[in-house]
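Quick caveat: nothing in here was measured; it's all calculated off a predicted structure.
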Amino acid sequence: MPDDRKVELIRKETPFQGYFRVDRYHVRHSQFRGGMGPEISREVFERGHAGAVVPYDPRTNEIVLIEQFRAGALAANDPDPWLVEIVAGIIEPGETPENVVERETMEEAGVSVFDLIPLGKHYMTPGGSSESIAFFAGRCDATSVGGVHGLISEGEDIRAFTLPLPDAVDMVLDNRIRNATAALGVMLLQARLEDLRRRWR
């Protein structure tokens, strides 16, 4: 943060604590027009930070995608609340983002990823959530991908499938991939594709 930018935390409250948490911040911060702004109050949804991976098979130019029901899409009145996504998971205490994507790829898609390449760390909804997502590309053998996966104990019902990378990019561009994490992951991998293919030749 530039030296002339300041944030003053006046107080912090926690109006809700359940499986997730909501904190309320009362702050003042530097303004672009100069000086400090007035006190503002903002609620922040705390759900932890996440890791996400696009498993990629360089031999076939395919990626591994998953599809599952999402309650948030249902709440948004989406007529089709089954979303095409990339593998992702919340980072638990003591885990690294790499640990998460390796574990979740096996749980959600039944495939192993190797040689994880960082693609960036991004905030998905910083206006109301602290969550950041560490994105990776991971080399995999996609030849046996398919079927239904997930932890039955957590009610997961996840379909895994492969798709040629150009087709996945088309799905992002024509809005058939509507999950923002998946859309960003696919496009980040596409942007790094030449470097990845040279590395995984």
Side-chain angles (χ1 to χ4, degrees), residues 1-3 5-30 32 40-56 63-66 68 70-73 75-76 83-109 113-140 150-151 154 156 158 168-169 172 177-193 195-196:
M1 187 164 62
D3 290 341
R5 292 189 187 181
K6 299 177 182 177
V7 178
E8 177 188 345
L9 176 61
I10 298 168
R11 66 185 183 281
K12 175 184 170 184
E13 307 155 351
T14 302
F16 177 80
Q17 173 71 69
Y19 181 74
F20 297 121
R21 188 176 86 235
V22 175
D23 290 332
R24 181 178 294 123
Y25 290 80
H26 299 268
V27 301
R28 298 173 67 227
H29 64 80
S30 300
F32 292 113
I40 59 174
S41 172
R42 295 290 185 268
E43 287 79 30
V44 176
F45 177 50
E46 294 284 354
R47 68 185 305 265
H49 301 282
V53 64
V54 186
Y56 175 70
I63 64 171
V64 177
L65 294 169
I66 58 174
Q68 61 183 317
R70 287 303 197 186
L83 300 184
V84 174
E85 303 180 344
I86 60 174
V87 170
I90 298 296
I91 302 169
E92 302 293 346
E95 282 189 313
T96 66
E98 291 85 353
N99 296 152
V100 172
V101 298
E102 288 169 350
R103 169 174 50 80
E104 292 289 335
T105 304
M106 184 56 67
E107 287 181 8
E108 297 185 351
V113 287
F114 308 94
D115 195 15
L116 293 170
I117 308 298
L119 298 176
K121 181 178 177 182
H122 300 269
Y123 294 100
M124 302 309 290
T125 54
S129 174
S130 65
E131 180 187 20
S132 66
I133 302 180
F135 286 85
F136 297 90
R139 181 170 55 87
C140 75
L151 297 179
E154 295 183 6
E156 293 181 331
I158 303 170
V169 171
V172 172
I177 291 180
R178 305 187 307 283
N179 176 294
T181 302
L184 180 55
V186 168
M187 300 311 288
L188 287 171
L189 186 144
Q190 174 65 31
R192 295 279 299 276
L193 186 59
D195 291 340
L196 293 173

remark   = Tightest non-hydrogen contact, residues Leu196 and Ile117, listed as CD2-CG1, 3.8 Å

request  = Identify, with sequence neighbours excluded, every residue that meets side chain to side chain donor-acceptor pair (under 3.5 Å) alongside Asp23.
outcome  = Thr14, Arg21

task = Please list, chain by chain and in numerical order, all residues satisfying salt bridge (Lys or Arg N to Asp or Glu O under 4.0 Å) with Arg139, sequence neighbours excluded.
result = none

query = Does the side chain of Ile40 reach to within under 4.5 Å of the side chain of Val27, using non-hydrogen atoms?
reply = yes

request  = Kindly give the heavy-atom pair with the smallest separation between Ile177 and Ala182, and that separation in Å.
outcome  = CG2-CB, 3.7 Å

ask   = Any side-chain heavy atom of Arg103 within less than 4.5 Å of one from Glu92?
value = yes

query = Do you know the tightest heavy-atom contact between Ala168 and Leu65?
reply = CB-CD1, 4.4 Å

inquiry  = The criterion is side chain to side chain donor-acceptor pair (under 3.5 Å); which residues satisfy it with Glu8, sequence neighbours excluded?
reply    = Arg28

note = Sorted by chain and residue number, the side chain to side chain donor-acceptor pair (under 3.5 Å) partners of Asp115 (sequence neighbours excluded) come out as Arg199, Trp200

request  = Might you point out which heavy atoms bring Ala52 and Ile86 nearest each other, and give the distance in Å?
outcome  = CB-CD1, 3.9 Å

task = Show your working on side-chain contact (heavy atoms from CB on, under 4.5 Å) between Phe135 and Val54 and close with a plain yes or no.
result = CA-CA 8 Å; Phe135 286 85; Val54 186; 5.8 Å; no

inquiry  = For Val101, give me all partners under side-chain contact (heavy atoms from CB on, under 4.5 Å), at least two apart in sequence or on another chain.
reply    = Val53, Leu116, Phe136

request  = Write down the atom of His122, the atom of Leu188, and the distance for their closest heavy-atom approach.
outcome  = NE2-CD1, 3.9 Å

query = Which pairs pass salt bridge (Lys or Arg N to Asp or Glu O under 4.0 Å) with one or both residues in residues 181-191, sequence neighbours excluded?
reply = none

query = Partners of Leu193 by side-chain contact (heavy atoms from CB on, under 4.5 Å), sequence neighbours excluded?
reply = Tyr56, Asn61, Leu165, Leu189, Gln190, Arg197

ask   = Which atoms form the tightest heavy-atom contact between Val113 and Pro55, and what is the distance?
value = CG1-CB, 3.8 Å

Residues in side-chain contact (heavy atoms from CB on, under 4.5 Å) contact with Phe16, at least two apart in sequence or another chain = Val22

request  = Using the test ring-ring contact (aromatic ring centres under 6.0 Å, His included), find all partners of Phe45 that sit at least two apart in sequence or belong to another chain.
outcome  = Phe20

task = I would like to know whether Asn179 and Val84 meet side-chain contact (heavy atoms from CB on, under 4.5 Å); could you show each step before the answer?
result = CA-CA 7 Å; Asn179 176 294; Val84 174; over 6 Å; no

note = In short, side chain to side chain donor-acceptor pair (under 3.5 Å) pairs touching residues 43-53 with sequence neighbours left out are Arg24-Glu43, Glu46-Ser130, Arg47-Glu131, His49-Ser132

ask   = With sequence neighbours left out, which residue pairs that include part of residues 183-193 fulfil the salt bridge (Lys or Arg N to Asp or Glu O under 4.0 Å) condition?
value = none

By side-chain contact (heavy atoms from CB on, under 4.5 Å) - contacts of Arg70 (at least two apart) = Gln68, Ala73, Leu83, Glu85

